[in-house]
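In what follows, every chain begins at residue 1, and chains take the letters A, B, ... in the order their sequences are listed. Excluded from the calculations below are hydrogen atoms, water molecules and symmetry mates; all remaining heavy atoms, backbone and side chain alike, are included.
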There are 2 protein chains.
Amino acid sequence: MQGQDGGSPTLEQVAALAGVSRATVSRVVNGSPKVLPDTVAAVERAIGELGYVPNRAARALVTRRTDSVALVVPEPDSRVFSDPFFAGILRGVSMTLAPTSSQLVLLIEPAEGDDQRLLRYLRGGHVDGAIIVSHHGRDNVLQELAHLPLPIVFSARPLGVEVPVASVDVDNVAGARTAVEYLLSKGRRRIGTIAGPLDMTAGLDRLTGYQEVAAEAGMAEAVAYGDFTADGGEQAAVKLFAEYPDLDGLFVASDLMATAALRVLSELGRRVPEDVSVVGFDDSVMATTTTPKLTTVRQPIETLGARLAEIILAKIGGADLTSPEIFSTELIIRGSA
Amino acid sequence: MQGQDGGSPTLEQVAALAGVSRATVSRVVNGSPKVLPDTVAAVERAIGELGYVPNRAARALVTRRTDSVALVVPEPDSRVFSDPFFAGILRGVSMTLAPTSSQLVLLIEPAEGDDQRLLRYLRGGHVDGAIIVSHHGRDNVLQELAHLPLPIVFSARPLGVEVPVASVDVDNVAGARTAVEYLLSKGRRRIGTIAGPLDMTAGLDRLTGYQEVAAEAGMAEAVAYGDFTADGGEQAAVKLFAEYPDLDGLFVASDLMATAALRVLSELGRRVPEDVSVVGFDDSVMATTTTPKLTTVRQPIETLGARLAEIILAKIGGADLTSPEIFSTELIIRGSA
DNA sequence: TTGTACGCGTTATCAA
DNA sequence: TTGATAACGCGTACAA
């Protein structure tokens with residue numbers, strides 16, 4: 001039907017067909033208000049007939065805007081893709097960007113230590129802005145990212161970055177507090193926790209929430225550390241219950257680790273929730289695949305992703321946003337506590 | 001340290017600093033063999049000093065190559081992002097593309113029926129090729145995608161497309177056969193299945209595998225349909241066991257639906273695997289979060305993704321690949337059968 | 001309201 | 001081996 005002459009049609013060809021100049025076609029394409037209705041109609045007809053699509057490269061060259069934003073994963077470990085959190089963020093971001101003219105390009109650190117490649121790309125003006133899905137904080141990449149001359153927003157308060165930056169996150173401390181306080185309200189008196197790595201805000205803050213409530217209730221701490229994987233959760237659970245056999249409550253910093261803990265408890269012959277009540281964090285799909293179903297702290301991940309996209313779009317548009325935005329969590333009560 | 005004069009440095013500036021012409025710098029950047037070593041050294045020093053990065057837009061404009069490939073989800077339903085299958089594909093694709101100069105652009109259908117936007121984008125020369133993660137087959141979008149004047153590869157044989165196209169998939173029929181035959185080998189004689197939607201190859205082919213074995217074994221079919229979600233799996237399981245209470249074996253077309261079936265069986269008071277043996281499909285994370293753990297058919301998803309990327313890169317490079325590539329599955333035996 | 005003409009940063013062709 | 005110079009397709013002063 002169209003484009004049969006090899007390359008895509010150009011502004012020039014549309015102009016010829018519509019009987020106007022390139023400039024006028026350009027105006028119509030970009031919605032300039034100062035074009036006669038008749039002219040607009042003629043041009044649009046020509047555009048439709050030819051199936052014209054603006055050449056992004058040419059446009060970017062002159063406007064110095066690429067109409068694309070990067071979703072950056074500054075870690076070579078692509079396991080993040082399997083993380084339900086990442087999936088939710090991706091979903092929120094892409095749903096928000098879809099109706100926009102902006103495209104989403106996925107950037108992942110190609111190999112351990114190859115930060116420079118990422119930074120050069122970002123500095124090269126190939127994208128208008130970047131959303132950083134930062135997990136591990138100690139990385140000095142975050143520092144460099146934060147200082148890039150480019151609109152940037154982080155999916156979580158970047159650990160170790162001192163300058164003010166835009167970020168979107170959930171109140172992990174409060175979420176953890178809710179979980180532990182709920183356990184307390186159910187009469188649990190000896191509550192332990194499986195924490196995440198302390199170089200991630202999610203690990204750090206959720207542990208802090210637990211510690212705060214423990215201190216307030218005069219309860220001794222019982223902590224084991226996992227790495228947010230099923231295996232790590234299993235090992236932590238085994239260790240925790242070997243060390244503190246009298247635990248009657250357990251707050252786990254992620255649902256995935258919680259499912260592992262549930263299995264360990266089952267093998268240990270401890271009934272859930274009768275002997276030990278368990279609360280997770282995330283409210284991911286897995287929370288409903290276990291028996292009993294998992295009571296967990298829900299975070300509005302997709303909303304976080306959507307907001308991330310809104311912020312980067314706003315910053316690209318010139319808005320000056322450089323502070324964290326915190327969303328609240330919600331306790332979802334199911335069978336495990 | 002660099003780029004302090006506003007925009008990124010250009011070829012021109014590098015040339016000035018190195019005392020050569022733009023053309024020579026361009027040659028060095030693109031690794032032309034016909035440049036004197038001394039000149040190369042001088043140019044590279046200038047590049048390093050200025051922190052020069054080629055302008056992608058300008059380059060794309062003249063070479064007519066964008067160095068980017070699209071990962072297309074031709075459905076407005078962004079739930080796919082939460083699908084472990086999609087995550088694995090994304091992982092394989094991005095790992096393969098990362099060391100390359102190619103960027104990955106994520107394209108999702110913005111709204112129901114807005115196929116045209118997607119097609120125009122793809123036709124507009126914004127990417128060099130596209131990987132289509134097609135789930136639902138009846139969509140006529142697939143037809144149009146298959147006929148695009150652009151290197152294309154599908155993540156599964158696109159249902160309803162008659163022309164030869166490149167695709168990468170697992171042998172779903174054989175995988176399902178393995179599962180059902182295994183159930184048979186364990187002494188199960190009354191085996192039912194929870195199938196996926198018939199407009200997806202995964203749904204269709206896995207059902208076919210079940211039906212083949214059932215026919216060969218002279219076993220009556222017992223089929224219920226789910227939609228690859230937990231809720232759908234639950235409803236299908238309820239319906240199936242209401243209709244066929246004597247089932248002693250169950251093959252479920254996806255792990256997620258299998259976890260739901262496991263819960264239903266538990267509520268029905270049927271022990272797994274003693275009363276009913278269950279086999280899933282995928283070997284996703286959830287397969288190990290259930291009690292008992294799920295015996296399932298594993299597909300090498302990440303490998304599929306990697307191959308998808310290799311194929312699209314090859315096609316962009318001129319290779320003529322237009323036939324399906326089929327990978328095999330593997331039965332992972334755990335506790336449920 | 002519309003058209004002319006220039007420049008965006010690169011690559012590629014052709015001379016030198 | 002290197003250097004001018006002409007495209008590539010588009011936006012936008014500036015002029016008409």
Side-chain angles (χ1 to χ4, degrees), chain A residues 3 5-44 46-47 50-68 101 120-121 123-126 128, chain B residues 3 5-44 46-47 50-68 101 120-121 123-126 128:
Chain A
D5 56 305
S8 321
T10 76
L11 220 44
E12 185 84 53
Q13 301 177 31
V14 175
L17 182 59
V20 296
S21 75
R22 276 210 312 271
T24 299
V25 178
S26 176
R27 292 186 184 102
V28 172
V29 170
N30 295 297
S32 163
K34 323 205 126 263
V35 183
L36 283 182
D38 284 357
T39 316
V40 173
V43 171
E44 282 177 341
I47 287 178
L50 257 35
Y52 170 78
V53 180
N55 180 312
R56 227 173 168 96
R59 177 180 278 178
L61 190 55
V62 42
T63 60
R64 292 162 167 296
R65 284 203 31 179
T66 62
D67 275 349
S68 61
S101 65
R120 287 171 71 109
Y121 183 85
R123 218 182 279 119
H126 304 316
D128 298 335
Chain B
D5 55 305
S8 321
T10 76
L11 220 44
E12 186 83 52
Q13 301 176 31
V14 175
L17 182 59
V20 296
S21 74
R22 277 207 313 266
T24 299
V25 179
S26 177
R27 291 188 184 101
V28 172
V29 170
N30 295 296
S32 162
K34 323 206 123 257
V35 184
L36 283 181
D38 284 357
T39 317
V40 173
V43 170
E44 282 177 342
I47 287 177
L50 258 34
Y52 169 77
V53 180
N55 180 312
R56 229 175 166 94
R59 179 179 276 177
L61 189 56
V62 41
T63 61
R64 296 165 165 292
R65 284 203 31 178
T66 63
D67 275 348
S68 61
S101 65
R120 288 169 72 110
Y121 182 86
R123 218 183 280 118
H126 304 316
D128 298 334

Under 4.0 Å, heavy atoms only, any strand: does [X] hit a base, just the sugar-phosphate, or nothing?
{"X": "A:Val20", "value": "sugar-phosphate"}
{"X": "A:Leu36", "value": "sugar-phosphate"}
{"X": "A:Thr63", "value": "sugar-phosphate"}
{"X": "A:Val62", "value": "base"}

If the condition is side-chain hydrogen bond (donor to acceptor under 3.5 Å, both in side chains), which residues does B:Arg56 pass it with, not counting sequence neighbours?
B:Gln103
Rounded to the nearest 0.5 Å, what's the gap from [atom1] on [X] to [atom2] on [Y]? Could you check?
{"X": "B:His126", "Y": "A:Asp67", "atom1": "NE2", "atom2": "CG", "answer": "9.5 Å"}
{"X": "A:Thr66", "Y": "A:Arg64", "atom1": "OG1", "atom2": "CZ", "answer": "12.5 Å"}
{"X": "A:Asn55", "Y": "B:Leu61", "atom1": "CG", "atom2": "CG", "answer": "6.0 Å"}

Nearest-angstrom distance from the residue atom [atom1] of [X] to [atom2] of [N]:
{"X": "B:Ile47", "N": "C:dT10", "atom1": "CD1", "atom2": "P", "result": "10 Å"}
{"X": "B:Lys34", "N": "C:dA12", "atom1": "NZ", "atom2": "P", "result": "16 Å"}
{"X": "B:Arg59", "N": "C:dT10", "atom1": "CZ", "atom2": "P", "result": "8 Å"}
{"X": "A:Arg65", "N": "C:dC8", "atom1": "CZ", "atom2": "C1'", "result": "16 Å"}
{"X": "A:Leu61", "N": "C:dT10", "atom1": "CG", "atom2": "P", "result": "9 Å"}
{"X": "A:Glu12", "N": "C:dG3", "atom1": "CD", "atom2": "C1'", "result": "12 Å"}

So, OP1 or OP2 of [N]: does either fall under 4.0 Å of a side-chain N or O from [X]?
{"X": "A:Arg64", "N": "C:dG9", "value": "yes"}
{"X": "B:Ser26", "N": "C:dA12", "value": "no"}
{"X": "B:Asn30", "N": "C:dT11", "value": "yes"}

Among A:Leu11, A:Val14, A:Val43, exactly one meets side chain to side chain contact (heavy atoms under 4.5 Å, CB included) together with A:Ser26. Which residue is that?
A:Leu11
Along DNA chain D, 5' to 3', what are the outermost nucleotides having an atom less than 4.0 Å from a heavy atom of chain A?
D:dG9 to D:dA13
B:Val53 or A:Ser21: which one's nearest nucleotide on DNA chain C is closer to the 5' end?
A:Ser21
Within-4.5 Å side-chain heavy-atom neighbours: A:Arg27 and A:Thr39
no
Do you know which two heavy atoms are closest between A:Ser8 and A:Gln13, and how far apart they sit?
O-NE2, 4.3 Å
5' precedence on DNA chain D between A:Tyr52 and B:Gly19 (nearest-nucleotide basis):
B:Gly19
If you only use heavy atoms from C-beta on, which nucleotide in C:dG9, C:dC6, C:dG3 is closest to the side chain of A:Arg27?
C:dG3
